[in-house]
Amino acid sequence: MANVPGYVLKNSRTTRERAEKFISKIYFTDCNLFGKLYPKECPITALRHFAAPGRIPYSEAVKGDFKETKVGNSFGPLWSTHWFDLSMDVPADWIGEEVRLIWDSQSEALIWKDGVPLQGLSPESKRTDFVLTKSLKDQTKYRLYVEMACNGLFGGGLNGQINPPDNNKHFTLQTAKLATYDRDVAALIHDLEILTDMAKLLENDNRGYQALFAANSIVNTVVIGDRETYHRAHQIAVEFFSEQNSPNQHVISAVGNCHIDTAWLWTYDETKRKCARSFTSTIRLMEEYPDFKFACSQAQQFEWTKQLYPALYSDMKKYIAAGRFIPVGGTWVEMDGNIPSGEAFARQFLLGQKFFQKEFGKPCTEPGNR
């Protein structure tokens, strides 16, 4: 009888798919990790809706004629605006838990409280929840407004983003509820997302095989519901990500950015709201991650934010002064770099740099046009 190895050679694709299914939002959520990300759920106490006559300010919207609505209803047409008044009673037995609002209207949206924009929402950007509290205490009643923009991340093209807009398009409110959030599960999901991506993109590289081995080890270690196994599994990822090739290896720094076309597949007025949705989300990330830095171009968009969202602009200036929200580019907008004349280029930089100097005390020193 021929000698056989004392081990089993795993198929890389099968092993990777095993790890991917373990964090899937679609498959096996009754027994995988994603199914435990929001362990407790409850409906919103009262959900009321107001079809706004256009892109109106918060102060006008809250005076609208709100009427009861429900999950599953559709709103439109394309480019219209709908406001929602959310009254929420958090169950008393959630005390000590992190509580989030889960919202998916198949569109972009912006959360408001007391006249201040708090965070953007976009299912296409995988941002469909908002932290009400990291640890529920005595306050169990909350009230928020959601400004729903009837468009997607890339507008509303018929059967494709660069096609003419589908002016009859409607958007369905798929999810509106409260849920607790398990940060240990979230950390493991992020670990496995990175590891499976590395295994896929470095499929024939030794580091890719190591990533796949680590991902498979995590799946083997986790026992759903056993928090001690969560911590042991996370440590596998920590050790993998801490490994170095040599003291001379490159160090790569990732800087956040949300490239917002000032004029593309939507109107200027929608660009203004996209700025608010993007920049509020950035501020929330900065509050959560002290090392996070964000590069932001286009003086025009800074000016719109200053005019329309003064509270948000104040937060931006605070982080700009701290060197974390970083103005770049020096131009008024991210202009076409092929057709304009030299005079047009000069005016872009003249107007842009004058704005940045006046607002923040110094011009931009990094390029930022795309």
Side-chain angles (χ1 to χ4, degrees), residues 33-50 58-59 61-64 66-71 83-105 109-121 126-148 173-190 224-228 230-231 234 276-277 279-290 292 309-312 314-316 318-319 322:
L33 266 179
F34 184 81
K36 301 301 180 183
L37 183 59
Y38 302 103
K40 301 176 185 177
E41 298 180 354
C42 78
I44 290 173
T45 308
L47 179 61
R48 300 189 302 145
H49 159 255
F50 165 55
Y58 172 91
S59 58
V62 295
K63 298 175 184 177
F66 284 84
K67 297 180 179 179
E68 185 177 344
T69 190
K70 62 182 180 180
V71 173
W83 284 80
F84 297 85
D85 179 0
L86 285 61
S87 295
M88 297 163 283
D89 295 317
V90 183
D93 61 358
W94 289 9
I95 295 293
E97 306 242 28
E98 180 167 341
V99 181
R100 298 194 174 195
L101 166 67
I102 315 296
W103 180 276
D104 182 357
S105 55
L110 180 62
I111 296 174
W112 291 82
K113 181 181 180 182
D114 299 330
V116 177
L118 297 181
Q119 182 191 293
L121 297 166
K126 300 181 180 179
R127 184 177 292 113
T128 56
D129 67 2
F130 170 74
V131 179
L132 286 179
T133 174
K134 288 187 177 180
S135 180
L136 184 67
K137 301 190 184 334
D138 295 334
Q139 180 189 356
T140 58
K141 294 183 181 294
Y142 292 85
R143 187 179 184 184
L144 296 172
Y145 286 88
V146 175
E147 179 188 15
M148 174 185 175
L173 179 57
Q174 292 189 322
T175 308
K177 61 186 177 183
L178 299 180
T180 58
Y181 183 77
D182 192 321
R183 285 185 173 255
D184 289 338
V185 170
L188 283 173
I189 290 174
H190 293 154
I224 298 296
D226 185 340
R227 200 158 297 277
E228 192 275 331
Y230 294 174
H231 297 160
H234 178 59
R277 294 191 288 262
F279 299 160
T280 51
S281 300
T282 298
I283 297 299
R284 300 289 84 79
L285 288 171
M286 289 188 167
E287 293 170 346
E288 179 76 15
Y289 303 103
F292 174 57
Y309 306 96
L312 169 58
S314 177
D315 284 341
M316 290 165 57
K318 179 179 71 174
Y319 284 105

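Please read all numbers here as calculations on a predicted model, not as lab measurements. We use all heavy atoms of the structure for the numbers below, so side chains are in, but hydrogens, waters and symmetry mates are not.
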Between [X] (side chain) and [Y] (backbone), is there a donor-acceptor pair under 3.5 Å?
{"X": "Thr280", "Y": "Ala276", "value": "yes"}
{"X": "Ser87", "Y": "Ala46", "value": "no"}
{"X": "Glu228", "Y": "Tyr230", "value": "no"}

Crowded around Gln139 CD? As in, over 12 foreign heavy atoms under 6.0 Å?
->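 More than 12 within 6.0 Å, yes.
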
Heavy atoms of other groups near Lys70 NZ, more than 12 under 6.0 Å =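 No - once you tally the heavy atoms of other residues, nucleotides and ligands closer than 6.0 Å, there are 12 at most.
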
Which pair of non-hydrogen atoms, one from [X] and one from [Y], has the smallest distance, and what is that distance?
{"X": "Phe66", "Y": "Ala61", "value": "CE1-O, 3.2 Å"}
{"X": "His234", "Y": "Leu188", "value": "N-CD2, 3.6 Å"}
{"X": "Glu41", "Y": "Ala179", "value": "CG-CB, 4.0 Å"}
{"X": "Leu47", "Y": "Ala176", "value": "CD2-CB, 4.4 Å"}
{"X": "Pro117", "Y": "Leu312", "value": "CG-CB, 4.3 Å"}
{"X": "Asp182", "Y": "Arg227", "value": "OD2-NH2, 2.8 Å"}

What do the steps show when you test Val62 against Trp112 for side-chain contact (heavy atoms from CB on, under 4.5 Å), and what is the final call?
-> CA-CA 10 Å; Val62 295; Trp112 291 82; over 6 Å; no

So Leu101 and Leu144, side-chain contact (heavy atoms from CB on, under 4.5 Å) or not? Walk me through it.
-> CA-CA 10 Å; Leu101 166 67; Leu144 296 172; 4.2 Å; yes

Take Phe84 and Tyr145, measure what ring-ring contact (aromatic ring centres under 6.0 Å, His included) needs, and give me the verdict at the end.
-> CA-CA 5 Å; Phe84 297 85; Tyr145 286 88; over 10 Å; no

Tell me, do [X] and [Y] make a side-chain contact under 4.5 Å, heavy atoms counted?
{"X": "Thr133", "Y": "Val90", "result": "no"}
{"X": "Leu33", "Y": "Ile224", "result": "yes"}
{"X": "Phe279", "Y": "Ile283", "result": "no"}
{"X": "Arg143", "Y": "Asp85", "result": "yes"}
{"X": "Leu110", "Y": "Val146", "result": "no"}
{"X": "Gln119", "Y": "Ser281", "result": "yes"}

Side-chain donor-acceptor pair under 3.5 Å between Asp129 and Tyr38, yes or no?
-> yes

Asp184/Lys36 salt bridge by N-O under 4.0 Å criterion = no

Output yes when Glu288 and Arg183 qualify as a salt bridge under the 4.0 Å nitrogen-oxygen rule, no when they do not.
-> yes

Using 0.5 Å steps for rounding, measure from the [atom1] atom of [X] to the [atom2] atom of [Y].
{"X": "Leu178", "Y": "Leu132", "atom1": "CG", "atom2": "CG", "value": "6.0 Å"}
{"X": "Ile111", "Y": "Glu147", "atom1": "CD1", "atom2": "CD", "value": "11.5 Å"}
{"X": "Leu86", "Y": "Tyr142", "atom1": "CG", "atom2": "OH", "value": "14.0 Å"}
{"X": "Phe50", "Y": "Lys63", "atom1": "CZ", "atom2": "NZ", "value": "11.5 Å"}
{"X": "Leu136", "Y": "Glu98", "atom1": "CG", "atom2": "CD", "value": "11.0 Å"}
{"X": "Asp315", "Y": "Arg284", "atom1": "CG", "atom2": "CZ", "value": "6.5 Å"}

For Asp104, all residues meeting salt bridge (charged side-chain N to carboxylate O under 4.0 Å, His left out), sequence neighbours excluded |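 Residues passing salt bridge (charged side-chain N to carboxylate O under 4.0 Å, His left out) with Asp104: none at all.
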
Going through the checks in order, is the side-chain contact (heavy atoms from CB on, under 4.5 Å) test met by Leu37 and Tyr181?
-> CA-CA 6 Å; Leu37 183 59; Tyr181 183 77; 3.6 Å; yes

